[in-house]
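Heads up: the structure comes next, in C-alpha cells.
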Amino acid sequence: MANSPSFEKLQNEITALEGAFKDALDGGSNAEPCESLRIRFLGRKGSVSGLFKQLGALTETERKTAGLQINALKESIQSALAGCGSSENAGVVERTFDPTLPGDMPPIGRYHPLTMLLREIKSCFRRMGFSVADGPEVETEYYNFEALNIPKGHPAREMQDTFFISDDIVLRTHTSPVQIRTMETQKPPVRIIAPGRCYRKDTPDATHSPVFHQVEGLCVDEGITFADLKGVILNFARYMFGSDVKIRFRPSFFPFTEPSAEYDFSCRFCSGKGCSVCKGTGWVEISGAGMVNPKVFDYVGYDSEKYTGYAFGMGVERIAMLLYEVHDIRLFFENDARFLHQF
Ligand code: 2NL
C-alpha cells in the first residue's frame, strides 16, 4: 500500500530537522548557546514537538513508524545536549557538589587494648631504668628450657603443653629466652623487660588462650636483692592500679629462680574485703618472681659469685582483664569490633 502524502512530508521534515540540528551543533564560532538550542529543538513549541503534532494525520501503521523515528531523533538531540549545560529545569543552576554539607568522616581505627596496655607497662618500666628487649617467637629447646634449668622430664617440657615445630624447635612458652639471649651478649649490669607473644597448648576457655602475652623482667648487677624486686613490683602495681594497692609475696618454686615466689595484688574490686573476683581472699594472683638461679648464670657465662639478680613474669591479658573488667580472655583474640571499640 502506498504511503500517504502527509507521511512523505513528515519523512522529509524528520531528515531535514536531523540535518538542521547537526548544523546548529557544528556552528563553529557562530555556535548557538546550548540553552537556546534546547529551547529551539526540544521546547514545548520547538521543532520536535512540531513533528509529533503531525502524527495525527497519518494512518495507524504510518504513525507507528514515524513515531519511533521522531522519538529516536528526540533522544539523540537530548543526549547531544546533555553534556552541554542544558537542563530539564531551565533556570535552576545544576550543582553536583554542595560545599555546605558536613564531610564524611573516614572510619578511624584504634590500637588493640593489649597494645595500649603493653605500651603503658613498657612506659612504667622505662621510667624505672629498664630497656625493652625482644627476640624470636620460634625458639630452640635450649633457649626455651635448657638454659633456664628446666631439665628433660620436667612437666613444663611435655609434648602436651608445648607447640613443637620439629624435634628441638618450639614456639616459645615464655619470653625468658629473650633474657637468656640478652645475657649471652651483654655483661652486667642488665636491666631489661621482655614483652611479647607466647604459646601454650591449652584448650581455650575463659582464662586460657593458646596465644597470650607476657612481660618478663630481669635485673642483674652486684648486690641486687629480693628487696629490689619488691620495690620494683610495688612501683609497678601502683602505676597500674593506683597508690592504694598492696602487694604480697608467697613462697613458690621455679627451676630458674631460687628463692621463688608468687606475687599478688590486693583486689581492687572489693579493696581487700573479699568478692567474686578474688574468690573471697582479698588478693588476686599476678604471677611469679624470684632471684635468678645461679645455674642460669652458669649457662650464660655470668660469674654467680660476683653477681645476683631478680627476675619476674606477668601475664598481660590477666592484667588487662583486671583493669578493664573483662571476664573472658578469648575476647582479646576474636577481634569483634563491638568489643574493640569500647577501649
Ligand atoms: C611464672 C612467672 C617467671 C621468671 C619468670 C626468669 C627469666 C630468667 C631467669 C630467671 Cl632469664 N627467671 N623469669 C622468673 C620467675 C617467674 O614467670 O609464673 N612463670 C612460670
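To the nearest 0.5 Å, atoms CZ (Arg200) and OG (Ser209) are separated by 11.5 Å. Note: Lys230 NZ to Arg248 CZ = 13.0 Å, rounded to the nearest 0.5 Å. To the nearest 0.5 Å, atom OG of residue Ser287 and atom CZ of residue Phe312 are 10.0 Å apart. Atom CD of Glu184 is separated from atom OG1 of Thr182 by 9.0 Å, given to the nearest 0.5 angstrom. Distance check, rounded to the nearest 0.5 Å: CH2 of Trp283 to CD of Glu262 gives 14.5 Å. The distance from the SG atom of Cys219 to the CE atom of Met128 is 10.5 Å, given to the nearest 0.5 Å.
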Go through it in stages, so that I can follow the logic: the residues are Val215 and Thr175, the test is side chain to side chain contact (heavy atoms under 4.5 Å, CB included), and I'd like the CA-CA distance, side-chain angles, deciding distance and then a yes or no.
CA-CA 7 Å; Val215 175; Thr175 57; over 6 Å; no
Apply the test side chain to side chain contact (heavy atoms under 4.5 Å, CB included) to residues His112 and Phe343: give CA-CA distance (whole Å), side-chain angles for both, the deciding distance (0.1 Å), then the verdict.
CA-CA 8 Å; His112 192 280; Phe343 296 90; over 6 Å; no
Would you check, one step at a time, whether the test side chain to side chain contact (heavy atoms under 4.5 Å, CB included) holds for Phe236 with Met314?
CA-CA 11 Å; Phe236 169 73; Met314 64 181 69; 3.5 Å; yes
I'd like to know whether Glu62 forms a side chain to side chain donor-acceptor pair (under 3.5 Å) with Thr59, so could you lay out the CA-CA distance, the side-chain angles of the two residues, the decisive distance to 0.1 Å, and finally the verdict.
CA-CA 5 Å; Glu62 288 172 342; Thr59 67; 3.3 Å; yes
Please determine whether side chain to side chain contact (heavy atoms under 4.5 Å, CB included) holds for the pair Val170 and Glu141, giving the CA-CA distance in whole Å, both sets of side-chain angles, and the decisive distance to 0.1 Å.
CA-CA 6 Å; Val170 301; Glu141 270 197 299; 4.2 Å; yes
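Two rings, from Phe265 and Phe241, have their centers less than 6.0 Å apart. You'll find the ring centres of Phe339 and Phe332 inside the 6.0 Å limit.
Between Pro204 and Pro210 the shortest side-chain heavy-atom distance falls below 4.5 Å. Here the side chains of Arg38 and Ile77 are not in contact, with every heavy-atom distance at 4.5 Å or above. Between Glu120 and Met240, the closest side-chain pair of non-hydrogen atoms falls below 4.5 Å. Side-chain atoms of Val220 and Pro189, non-hydrogen and from C-beta on, never get closer than 4.5 Å to each other. Counting heavy atoms from C-beta on, the side chains of Thr162 and Tyr199 never come closer than 4.5 Å. Residues Phe125 and Val232 form a side-chain contact, since some pair of their non-hydrogen atoms from C-beta on lies under 4.5 Å apart. Arg63 has its side chain out of reach of Phe7: every pair of non-hydrogen atoms, C-beta onward, lies at least 4.5 Å apart. Side-chain contact between Val292 and Tyr307: absent, with no pair of heavy atoms (C-beta onward) separated by less than 4.5 Å.
The backbone N or O of Phe254 lies less than 3.5 Å from a partner atom in the side chain of Ser260, making a donor-acceptor pair. A distance-only check finds no donor-acceptor pair linking the side chain of Glu222 to the backbone of Lys306 [under 3.5 Å]. Judged purely by atom type and a 3.5 angstrom limit, Glu8 has no side-chain atom pairing as donor or acceptor with the backbone of Ser4. Under the 3.5 Å distance criterion, the side-chain polar atoms of Thr65 are matched with a main-chain donor or acceptor of Thr61. Ser271 contributes no side-chain N or O that, together with a main-chain N or O of Arg268, makes up a donor-acceptor pair within less than 3.5 Å. Side-chain N or O atoms of Ser49 include none that pairs as donor or acceptor with a backbone N or O of Leu42 at under 3.5 Å. Remark: the backbone N or O of Arg181 is paired with a side-chain donor or acceptor of Thr185 at under 3.5 angstrom. A distance-only check finds a donor-acceptor pair linking the side chain of Arg172 to the backbone of Gly135 [under 3.5 Å]. Side chain of Asp205 to main chain of His208: a donor-acceptor pair is present (N/O by atom type, distance under 3.5 Å, no hydrogens or angles).
By the neighbour-count criterion of 12 heavy atoms within 6.0 Å, atom CZ of Arg110 is densely surrounded, having more than that number from other residues, nucleotides or ligands. No more than 12 heavy atoms of other residues, nucleotides or ligands lie within 6.0 Å of NZ in Lys246, so this atom counts as exposed by the packing criterion. Counting non-hydrogen atoms of neighbouring residues, nucleotides and ligands closer than 6.0 angstrom, the CG atom of Asp336 exceeds 12 such neighbours. Environment of CG in Asp303: crowded, with over 12 heavy atoms of neighbouring residues, nucleotides or ligands closer than 6.0 Å. Residue Tyr142 places its OH atom among more than 12 non-hydrogen atoms of other residues, nucleotides or ligands, all under 6.0 Å distant.
Residues Leu340 and Pro113 come closest through the heavy atom pair CD2-CD, 3.7 Å. Nearest heavy-atom pair across Ala320 and Leu114 is CB-CD2, 4.0 Å. Residues Arg238 and Val245 come closest through the heavy atom pair N-CG1, 3.7 Å. Closest of all the heavy-atom pairs between Leu117 and Val316 is CD2-O, 3.5 Å. Scanning all heavy atoms of the two residues, the minimum distance from Leu37 to Ala24 falls at CD2-CB, 3.5 Å. Here the shortest heavy-atom pairing between Ile224 and Tyr310 reads CG2-CD2, 3.4 Å.
Comment: Arg157 engages Glu146 in a salt bridge, judged by a side-chain N to carboxylate O separation of less than 4.0 angstrom. Look at Arg330 and Asp328 and you find a salt bridge, because one of the NZ, NE, NH1 or NH2 atoms lies within 4.0 Å of a carboxylate O, short of that distance. Contact check on Lys201 versus Asp161 returns no salt bridge, with no Lys/Arg side-chain nitrogen under 4.0 Å from an Asp/Glu carboxylate oxygen.
When Lys74, Glu18, Gln11, Lys64 are each tested for a side chain to side chain donor-acceptor pair (under 3.5 Å) with Gln69, only one passes: Gln11.
Taking hydrophobic clusters as Ile, Leu, Val, Met, Phe, Trp and Tyr residues chained together by side-chain heavy-atom distances below 4.5 Å, Phe333 shares a cluster with Leu323. Under the 4.5 Å side-chain contact rule for hydrophobic residues, Leu234 and Leu229 share a cluster. In the hydrophobic clustering of this structure, Phe212 does not group with Leu322; members are Ile, Leu, Val, Met, Phe, Trp, Tyr whose side-chain heavy atoms approach within less than 4.5 Å, directly or through other members. Leu218 is connected to Val296 through a chain of hydrophobic side-chain contacts under 4.5 Å among Ile, Leu, Val, Met, Phe, Trp and Tyr, so both are in one cluster. Phe21 and Ile39 end up in different hydrophobic clusters when Ile, Leu, Val, Met, Phe, Trp and Tyr side chains are linked at under 4.5 Å.
Checked by atom type, the side-chain pair Thr173/Asn144 shows a donor-acceptor distance below 3.5 Å. A side-chain donor from one of Glu216 and Gln214 sits under 3.5 Å from a side-chain acceptor of the other.
Counting only residues at least two apart or in different chains, salt bridge (charged side-chain N to carboxylate O under 4.0 Å, His left out) contacts with residues 269-296 comprise Arg250-Glu285.
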